[in-house]
Amino acid sequence: MRLLLVAYPGAGKGTQATKLAVHYGIAQLSSGELLRAEVARGTRIGRVAADYLEHGDLVPDELIFEMLSAPLLQAARNGGYVLDGFPRTLRQAEVAYSVAQEIKDIELQAVVYLRVGPEELRKRLQARAAREGRTDDDEITIAHRFKVFETQTEPLLGFYASRGILLDVNGEQPVGDVFGVITSAVDSLHI
Ligand code: ADP
């Protein structure tokens, strides 16, 4: 099973990705979490990525590919993955897709778009800022991340829709209900 979750910041990608990974017994690969871990460990990737993360800008593609290639390959060989945060731009999706043409059983089978409106997103992000204190959850950076999503990430939806693998899910429901909708949609694909 190979899944991707796409959603605005604060929509609940991470929460659903964790639940899906446990449910299907597959690896969760969250590019944001992995980047924050690189920063915390002070690795070469982390030292370059830190500034981009801080400002809510996208980290350069080459670093993202370098960080994710091996874990993705390994997860695909071990039963699959649920990705959260990658691909995040059309270019990342196109590169990943062309690499996947050369390697058996690694390409995405379903993409879940978690749809949540701006009011609800702001509420959830404010709550997360109070709870976790992520440095990119202040108001100005959030506004910037929304803009980045709109311009850079939203075009992905058309790309996956045209390949017939996009599932559009209402993310403005309780966590368990969202999870139920995603799993029934995914199960009905008989992957
Ligand atoms: P959110 O979706 O709430 O913004 P993430 O944890 O997914 O949070 O991402 C946090 C930050 O990590 C992004 O603002 C960006 O700087 C960086 N990032 C994550 N994934 C990618 C990616 N695939 N390409 C470039 N930058 C990324």
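Counting starts at 1 for both ligands and their atoms, in listed order.
Given atom 9 (O) of ligand 1, the protein heavy atom at minimum distance is Arg88 NH2, 3.3 Å. From the protein, the heavy atom lying nearest to atom 18 (N) of ligand 1 is Leu35 CD1, 3.4 Å.
In terms of N/O distances under 3.5 Å, ligand 1 is approached by Val59. Considering backbone and side-chain N/O of Glu33, none are found under 3.5 Å from N/O of ligand 1. For ligand 1, the polar-atom distance check finds no N/O of Asp136 at less than 3.5 Å from any of the ligand's N/O atoms. In terms of polar-atom proximity, Gln92 is counted as a contact of ligand 1, with an N or O under 3.5 Å from an N or O of the ligand.
No part of Met67 comes within 4.0 Å of ligand 1, judged by heavy-atom distances. At a 4.0 Å heavy-atom cut-off, ligand 1 touches Asp57 through the backbone alone. Contacts with ligand 1 closer than 4.0 Å are made by side-chain heavy atoms of Ile64 only, the backbone lying farther away. At a 4.0 Å heavy-atom cut-off, ligand 1 touches Arg134 through the side chain alone.
Within the structure, ligand 1 has Arg128 among the residues with a heavy atom less than 4.0 angstrom away. Look at His55 and you'll find every heavy atom at least 4.0 Å from all atoms of ligand 1.
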Verdict with supporting geometry, Tyr8 and Glu154, side chain to side chain donor-acceptor pair (under 3.5 Å)
CA-CA 9 Å; Tyr8 267 88; Glu154 261 180 12; 3.0 Å; yes
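By the side-chain contact (heavy atoms from CB on, under 4.5 Å) test, Gln74 pairs with Asn78, sequence neighbours left out.
Among all heavy-atom pairs drawn from Ala17 and Gln28, the shortest one is CB-NE2, 3.5 Å.
By the 4.5 Å heavy-atom criterion applied to side chains, Phe146 and Leu121 are counted as neighbours.
Screening residues 97-110 for salt bridge (Lys or Arg N to Asp or Glu O under 4.0 Å), with sequence neighbours left out, gives Glu107-Arg163.
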